[in-house]
2 protein chains.
Amino acid sequence: MARVGLTKERLTLAGAELADEVGFDKVTVSALARRFGVKDASLYSHVRNSQDLKTRIALLALAELADRVAAALAGRSGKDALAAFADAYRDYAREHPGRYAAAQLELDAETALASAAGKHSAMTRAILRGYDLAEPDQTDAIRLLGSTFHGYVTLEQAGAFGHTARDSQTSWTRILDALDALLRNWPTT
Amino acid sequence: MARVGLTKERLTLAGAELADEVGFDKVTVSALARRFGVKDASLYSHVRNSQDLKTRIALLALAELADRVAAALAGRSGKDALAAFADAYRDYAREHPGRYAAAQLELDAETALASAAGKHSAMTRAILRGYDLAEPDQTDAIRLLGSTFHGYVTLEQAGAFGHTARDSQTSWTRILDALDALLRNWPTT
DNA sequence: TTATTTGCCTAATACTCCTAGGTATCTTAG
DNA sequence: CTAAGATACCTAGGAGTATTAGGCAAATAA
């Protein structure tokens, strides 16, 4: 019996690929074992359980996404940064729907701290440097941006924007324009 | 063996309650059977399968949500309507997290047509009547609003806004202010 | 080469989903 | 009011997934 060479890392990566192919919720220990041509039980030397596997995939996705966003953001500011951030986000979700869904997995406090989640919020805050917003408006604006991007990407993935004449790419661009205008002219209370 | 009196409707409602208690993804045929004190197999006289049960819960949630939004929207326009719509949405999600998750279930085309989904998009469009927006800006604005509300509610539910000083209710109110300002002053290309 | 680690296996239990076929309870027509 | 039919719920059982325990063989270290 030739060994296949399983490791945490290979399982996590294969799990992420599987998620992109069939959906994150269909990533299962047995499906992954099947993919490697080994028995289910063999995976348990490498991951604690199904939840552990999913968490690892989620952390992988968060890290990948953070890297992409960081690269996109480098050297940009103002609306350029806003668009780069948003596009990095959306592109990742479109290229890797399963991984994106994985990144949405709610992590326990400890795991979240060890994840790239902190990096994400720092980067979101960085976008606003190009706009003149003080606290607490800044926090509100961050929440608005995060909500809008996440919501758009989720709804787009669910096919919500595919059934009308207006194509999704155009709406996306116009929404970025609108958000930019809003940030430049944030209403005071 | 006294009969419990199962029907599609009671199963669907109990499924919705179960979803709110333990999460939509944990709504299972066996859990529901346990709740009624009957055997798993007994449910299959009333629902076709697990997917059918989930779809019914989703349709229930969509209909309930549409009713709430319609009631909230009645007699309001402009920013009032915007806030009423958004609050109805968010309140429903907070009171019924499982149902709200169910409403996100992707339905096949036929089921979607028979659902309250059409009513939802009509109502979203109705909000914009108080603002001076022509097509295709209107479609873009609808997508922005839908994305932001859905994204905010989802992230809030995931606990994303609970760990900083700024409380979520305040951000929500300010974001509605900001969106109102944006709609009143939609940037032209 | 031997000793040790460890990668993968078999075996077994539990839970969920679902089908087939049976029995008991309700409903309704005569 | 009773017999006939419909149907609510049951038992039995097969298939897939999650997980644990313990074993053998392949890789690695001594």
Novice: Through direct or indirect side-chain contacts below 4.5 angstrom among Ile, Leu, Val, Met, Phe, Trp and Tyr, which residues connect to B/Leu13?
Specialist: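 Besides B/Leu13, the cluster holds B/Leu60.
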Novice: Does the side chain of B/Ser147 pick up a donor-acceptor pair with the side chain of A/Thr148 at under 3.5 Å?
Specialist: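 On atom types as modelled, these side chains do not qualify, holding no pair under 3.5 Å.
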Novice: Quick one: salt bridge (charged side-chain N to carboxylate O under 4.0 Å, His left out) partners of A/Asp180, sequence neighbours excluded?
Specialist: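 Partners of A/Asp180 under the salt bridge (charged side-chain N to carboxylate O under 4.0 Å, His left out) test: A/Arg184.
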Novice: Partners of A/Phe161 by ring-ring contact (aromatic ring centres under 6.0 Å, His included), sequence neighbours excluded?
Specialist: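 Per chain and number, A/Phe161 pairs via ring-ring contact (aromatic ring centres under 6.0 Å, His included) with A/Tyr152.
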Novice: Among residues 47-61 of chain B, which residues get a heavy atom nearer than 4.0 Å to DNA chain D?
Specialist: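 Nothing qualifies; none.
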Novice: List in numerical order all residues of residues 5-26 of chain A for which some heavy atom is under 4.0 Å away from an atom belonging to DNA chain D.
Specialist: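 Per residue number, the list is empty: none.
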Novice: Please list, in numerical order, the residues of residues 28-42 of chain A that have a heavy atom closer than 4.0 Å to any atom of DNA chain D.
Specialist: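 Those residues are A/Thr28, A/Val29, A/Ser30, A/Arg34, A/Asp40, A/Ala41.
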Novice: Applying side chain to side chain donor-acceptor pair (under 3.5 Å), can you list everything that pairs with A/Gln104, at least two apart in sequence or on another chain?
Specialist: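 Testing A/Gln104 for side chain to side chain donor-acceptor pair (under 3.5 Å), a comparison that skips the adjacent residues, returns none.
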Novice: List the residues meeting ring-ring contact (aromatic ring centres under 6.0 Å, His included) with B/Tyr92, not counting sequence neighbours, and say none if there are none.
Specialist: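 ring-ring contact (aromatic ring centres under 6.0 Å, His included) list for B/Tyr92, sorted by chain: B/His96.
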Novice: Suppose we screen for side chain to side chain donor-acceptor pair (under 3.5 Å). Which residues come up paired with A/Lys54, at least two apart in sequence or across chains?
Specialist: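 Here no residue qualifies.
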Novice: Strictly below 4.0 Å: does B/His46 bring a side-chain N or O up to OP1 or OP2 of D/dT7?
Specialist: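 Checking B/His46 against D/dT7: no side-chain N or O falls below 4.0 Å of OP1 or OP2.
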Novice: Taking only residues two or more places apart in sequence, or in another chain, which ones meet B/Arg10 in a salt bridge (charged side-chain N to carboxylate O under 4.0 Å, His left out)?
Specialist: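 Residues passing salt bridge (charged side-chain N to carboxylate O under 4.0 Å, His left out) with B/Arg10: none at all.
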Novice: Any ring-ring contact (aromatic ring centres under 6.0 Å, His included) involving residues 47-88 of chain A? Give me the pairs, sequence neighbours left out, ordered by first then second residue.
Specialist: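 Of all non-adjacent pairs touching residues 47-88 of chain A, those that pass ring-ring contact (aromatic ring centres under 6.0 Å, His included) are A/Phe85-A/Tyr89, A/Phe85-A/Phe149.
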Novice: Sequence neighbours excluded, which residues qualify as ring-ring contact (aromatic ring centres under 6.0 Å, His included) partners of B/Tyr44?
Specialist: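 Checked B/Tyr44 against ring-ring contact (aromatic ring centres under 6.0 Å, His included); zero matches.
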Novice: Tell me the interatomic distance from A/Arg3, atom CZ, to D/dA25, atom C1', rounded to whole angstroms.
Specialist: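 These atoms are roughly 7 Å apart.
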